[in-house]
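Here the structure is laid out as structure tokens; the discussion comes afterwards.
The structure displayed is predicted, hence computed values, not measured ones.
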Amino acid sequence: MVTVRIILGTPVNSRPKPWLYFRVPAIMVNAFDIMRNRGSRREHVIKNVLQYDGEVWMDSGGFQFLRHGKVPNIEDLAGVYGQYWDIRYFLNLDYPPSPTDDEHNLETKLRKSLNNYEYLIRRFDNVLPVIHYHWRTEVIIKYIIKYLDYNPKCIAIGGLVPYVLISKGVPKDSRRSAIKFLLRIKQETGMCIHVLGLGSPVINPILKFINIDSTDTSTWRVKAAYGKVVMPGGGERHVSGRSINFGGKEASRDDLVRLYAFLRDTGFPVIDRFNDIMTSFEYRALVNAWVVLNSFEEPSTGVFRAIYDELTREASAKITEEAR
């Protein structure tokens with residue numbers, strides 16, 4: 001079983017840069033950030049800006065555009081993509097469906113996304129299709145088949161965070177449905193599958209088990225900014241001493257001991273600064289990046305443990321059946 005590769009999402013000009021401290025398999029930047037950053041737009045080698053010599057992917061930044069109330073233009077996006085020659089993969093600009101979309105609106109968004117992909121692949125040979133999950137899975141699969149006609153090197157599947165990590169305002173049992181969807185796509189296509197935004201210690205072992213090739217995450221920075229550390233095996237804890245407004249709970253002494261032991265046992269190279277975890281955003285971000293990249297232990301409790309057990313039982317039953 002191959003370990004799923006975790007790609008760290010990062011702003012172009014940001015601190016800290018975990019790859020200056022330890023190995024990071026790949027980095028994801030986004031075009032929205034580059035459009036806002038004039039200094040980056042003067043460069044043609046993104047690795048020079050990042051001070052990184054590994055593999056770099058570039059997302060369209062569609063989510064960031066929408067958050068700022070803007071509609072990205074495919075020609076402008078192509079202009080940004082064309083500026084850099086050292087990007088491993090560009091991601092298509094797609095239009096994410098909402099769980100509340102009816103079939104007509106869903107089809108309209110998927111068709112517009114496919115049109116964007118057809119535009120981009122006429123200019124670039126390293127564009128990955130992006131298709132966002134929706135509970136109307138047969139419609140989604142129909143469009144995945146359309147993308148397969150273009151022989152992409154990999155397919156990026158997004159839109160899973162609300163179904164898997166949040167699960168509010170979505171159909172009942174959405175976590176199982178979304179993960180079973182990923183398993184189905186991987187098994188039926190045999191394609192390289194990248195899952196957008198799901199890199200997390202609690203999800204990593206499930207993605208690994210169903211042979212997902214890669215995922216990405218920006219939570220290592222976001223959690224650190226809110227005074228949180230990501231815990232090995234899943235969950236998060238507040239360590240900054242600031243008031244807790246939402247999410248997670250304050251770290252106990254046992255939590256900190258467990259986190260320290262994980263960092264020590266996995267070879268975290270800046271463990272000697274562990275006391276900085278309470279006062280330094282940059283140090284928390286480094287810790288979080290390390291945990292996200294290196295925590296693959298099976299979920300211990302809760303719904304994700306139940307899903308993991310269900311997947312392993314089904315796999316065992318299938319092996320037994322095939323052996324008869």
Side-chain angles (χ1 to χ4, degrees), residues 2 4-10 12 19 24-35 37 40-50 52-65 71-96 109-133 140-159 182 185-186 188-199 211-216:
V2 178
V4 58
R5 190 165 63 143
I6 311 298
I7 299 174
L8 293 186
T10 183
V12 174
W19 46 92
V24 173
I27 291 173
M28 177 92 72
V29 297
N30 77 75
F32 177 79
D33 183 37
I34 288 171
M35 287 181 183
N37 192 309
S40 301
R41 297 211 65 177
R42 289 194 292 268
E43 271 283 356
H44 296 281
V45 183
I46 196 69
K47 295 178 184 179
N48 288 346
V49 181
L50 294 166
Y52 177 69
D53 194 34
E55 186 173 301
V56 181
W57 296 27
M58 186 177 290
D59 183 38
S60 67
F63 177 72
Q64 287 79 11
F65 277 108
V71 179
N73 180 286
I74 191 64
E75 288 86 3
D76 291 342
L77 179 64
V80 175
Y81 282 1
Q83 180 180 340
Y84 299 98
W85 60 262
D86 60 337
I87 299 293
R88 180 68 180 94
Y89 291 123
F90 299 112
L91 271 62
N92 184 40
L93 171 63
D94 79 319
Y95 299 91
K109 291 177 179 179
L110 292 172
R111 197 175 307 114
K112 288 173 64 179
S113 300
L114 181 59
N115 290 342
N116 284 346
Y117 180 70
E118 291 171 339
Y119 176 89
L120 289 174
I121 61 172
R122 287 196 292 267
R123 295 193 54 179
F124 310 100
D125 62 2
N126 57 339
V127 180
L128 300 186
V130 177
I131 191 157
H132 272 65
Y133 175 77
I140 299 298
I141 288 171
K142 180 173 75 173
Y143 275 83
I144 288 176
I145 292 171
K146 292 178 185 289
Y147 283 115
L148 290 177
D149 288 339
Y150 295 93
N151 297 313
K153 297 179 178 67
C154 197
I155 295 176
I157 298 179
L182 287 176
I185 297 303
K186 183 64 181 178
E188 293 186 4
T189 68
M191 285 283 300
C192 163
I193 301 293
H194 176 81
V195 179
L196 291 164
L198 272 195
N211 292 319
I212 295 301
D213 297 86
S214 58
T215 186
D216 61 88

Measure from the side-chain N and O atoms of N126 to the backbone N and O of I87, and report whether any donor-acceptor pair falls under 3.5 Å. yes

Nearest 0.5 angstrom please: S60 OG to N30 CG, how far? 8.0 Å

Tell me whether the rings of F124 and Y81 are parallel (<30°), tilted (30 to 60°) or perpendicular (>60°). perpendicular

Taking side chain as C-beta onward, heavy atoms only, is K146 less than 4.5 Å from Y143? yes

Got a second to check how far E75's CD is from L120's CG, nearest 0.5 Å? 9.5 Å

Indicate the atoms forming the closest heavy-atom contact of A78 with Y119, along with that distance. CB-CE2, 3.9 Å

Could you tell me which non-hydrogen atom of Y117 sits nearest to which non-hydrogen atom of L128, and how far apart they are? CE1-C, 3.9 Å

Is it true that atom CG of D149 has more than 12 heavy atoms of other residues, nucleotides or ligands lying nearer than 6.0 Å? yes

Kindly give the heavy-atom pair with the smallest separation between A26 and R5, and that separation in Å. CB-NH1, 4.1 Å

Taking K112 for its side chain and D94 for its backbone only, find out whether a donor-acceptor pair lies under 3.5 Å. no

Between N92, I185, I144, which is the residue that forms a side-chain contact (heavy atoms from CB on, under 4.5 Å) with I131? I144

For the backbone of V195 and the side chain of T215, can you confirm whether one donor and one acceptor N or O come within less than 3.5 Å of each other? yes

Interatomic distance, I121 atom CD1 to Y150 atom OH [nearest 0.5 angstrom]: 5.5 Å

Could you tell me whether the side chain of K153 and the main chain of C192 form a donor-acceptor pair under 3.5 Å? no

Please give me the minimum heavy-atom distance between H194 and C154, naming the atom from each residue. N-SG, 3.7 Å

Hey, does L110 have a side-chain heavy atom less than 4.5 Å from the side chain of K142? no

When you compare the side chain of Y133 with that of L182, does any pair of heavy atoms fall below 4.5 Å? no

For D59 and M28, indicate whether the former's side chain and the latter's backbone hold a donor-acceptor pair under 3.5 Å. no

For I140 against H132, the heavy-atom pair lying closest together: CD1-O, 3.3 Å

If every non-hydrogen atom of I34 is compared with every non-hydrogen atom of V12, which pair is closest and at what distance? CG1-CG2, 3.6 Å

First locate atom CD of E55, then atom CG of D86, and finally report the distance between them rounded to the nearest 0.5 Å. 11.5 Å

Ignoring hydrogens and geometry, is there a side-chain-to-backbone donor-acceptor pair from H44 to Y84 under 3.5 Å? no

For the residue pair L91 and L196, establish whether any side-chain heavy-atom pair is separated by less than 4.5 Å. yes

Give a yes or no on whether the backbone of I193 and the side-chain of D213 come within a donor-acceptor separation of less than 3.5 Å. yes

Side-chain (W19) to main-chain (L50) donor-acceptor, under 3.5 angstrom: yes

Atom pair OH/CD of Y147 and E118 - distance to nearest 0.5 Å: 8.0 Å

Main-chain N/O of L8 paired with D216 side-chain donor or acceptor, under 3.5 Å: no

When rounded to the nearest 0.5 angstrom, what distance separates CG in L93 from CG in N116? 4.5 Å

